[in-house]
Amino acid sequence: MARITQLPLCYRFSFNIETMTLSLIIQKWLMPELQKRLRAETLLMDYMYREYGGDKTVFASCGEQLSFGYENAIQFLFETDTEIAYGYTFTPVIEPTEEICDRCNGTKIDHFEHPCNDCRATGKKHVQSKRHFQQGMLSLCPIVRFLNGALLDNCTDKNDHDWKSETNEKQLIALEWTDTTGMHNCSISAWTDDFVFEWLKQASDIELQQMTYTMARVEEVLLRKDPDAYSRRLFRFDFYDGTHFGFQAPGNACTLGTSSYTSGMFGSIGKTLSPHNVDNRFQQIEFIVGLAVLNDLIIKSTVK
């Protein structure tokens with residue numbers, strides 16, 4: 001069996017803070033395998049359709065220059081000779097109405113004499129937006145899971161003489177998360193190549209702060225929150241001993257960080273990041289965005 005020391009580039013996330021768009025950029029060499037998995041009868045897809053509706057047509061356009069997913073939440077962005085990119089653009093999950101806010105009775109101040117959080121200090125009742133970002137998360141979840149599976153299959157059970165990577169580029173970061181929510185039940189895991197740690201050792205404070213700033217900005221846009229210095233301090237990135245790093249988001253010790261386990265998503269290659277007290281999709285997407293920005297920063301600093 002061939003000894004695999006790195007994973008060939010399969011996909012990567014990128015984030016544009018100006019447009020609030022999370023991009024999933026897929027390498028074309030793996031697209032046939034991804035499409036085959038999406039179109040096959042699988043336990044995951046049967047479960048998704050049963051729980052959230054839809055059928056095989058929901059993901060039929062993946063790999064084409066068309067939108068796909070629940071309510072076509074995932075939009076085609078661009079295509080090159082080697083990759084195809086799709087994006088999901090974040091919009092607020094709540095929207096104002098003309099009704100008076102129930103909590104502050106239109107005064108904009110709650111009973112603690114603080115700006116009313118329910119109405120975002122507008123005095124107007126807010127309700128869930130018709131385009132909730134859950135649709136984007138549910139649409140990305142099986143795509144990324146199948147990409148990870150296809151990537152792993154392409155790197156295992158290969159004989160020394162017949163295994164050859166489809167690309168000289170390597171996967172830097174991989175992600176996987178569950179579609180469920182609830183106390184400690186909204187799991188997310190990540191994987192990083194060892195090069196990520198080497199890059200972090202020379203990263204500037206400004207670069208590291210860019211990750212947490214973007215994570216906080218995502219929450220502000222989704223929840224229509226005004227920028228707040230205290231809230232932004234709840235987003236943290238820690239890198240210590242040159243061997244461990246992790247993200248923290250608002251919640252009950254909500255973290256995603258490297259652990260002491262020697263194996264994880266891809267065996268002994270790289271390091272796996274494990275979750276702690278991830279309870280909702282907001283926390284999931286904030287970690288995804290933080291890692292997307294990390295991937296962007298590494299590529300930007302290493303491209304000649």
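Both backbone and side-chain heavy atoms feed into the values below; hydrogens, waters and symmetry mates do not. If you're wondering where the values come from, they're calculated on a predicted model, not measured in any experiment.
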Can R232 and E220 be counted as an ion pair, charged N to O under 4.0 angstrom?
-> yes
Pairs in or reaching into residues 201-236: which pass ring-ring contact (aromatic ring centres under 6.0 Å, His included), with residues at least two apart or in two chains?
-> none
Test applied, side-chain contact (heavy atoms from CB on, under 4.5 Å); reference residue, W191; option that passes from L273, I269, L291 = I269
In terms of ring plane angle, is the pair F76 and Y86 parallel, tilted or perpendicular, where the classes change at 30° and 60°?
-> perpendicular
Over 12 non-hydrogen atoms of neighbours within 6.0 angstrom of OH in Y240 | yes
Tell me, with the steps shown, if S187 and T178 meet side-chain hydrogen bond (donor to acceptor under 3.5 Å, both in side chains).
-> CA-CA 6 Å; S187 184; T178 65; 5.4 Å; no
Centroid-to-centroid, F13 to F15, below 6.0 Å?
-> no
Are D55 and T57 close enough that a side-chain donor and a side-chain acceptor fall under 3.5 Å?
-> yes
According to the salt bridge (Lys or Arg N to Asp or Glu O under 4.0 Å) rule, which pairs have a member within residues 107-121, sequence neighbours left out?
-> R103-D110, R103-D118
Could you tell me whether the side chain of E207 and the main chain of A203 form a donor-acceptor pair under 3.5 Å?
-> no
Do W177 and S189 have a side chain donor and acceptor closer than 3.5 Å?
-> no
Going by atom types alone, do N16 and T21 pair a side-chain donor with an acceptor below 3.5 Å?
-> no
Side chains of R281 and L138 in contact at under 4.5 Å (non-hydrogen atoms) = yes
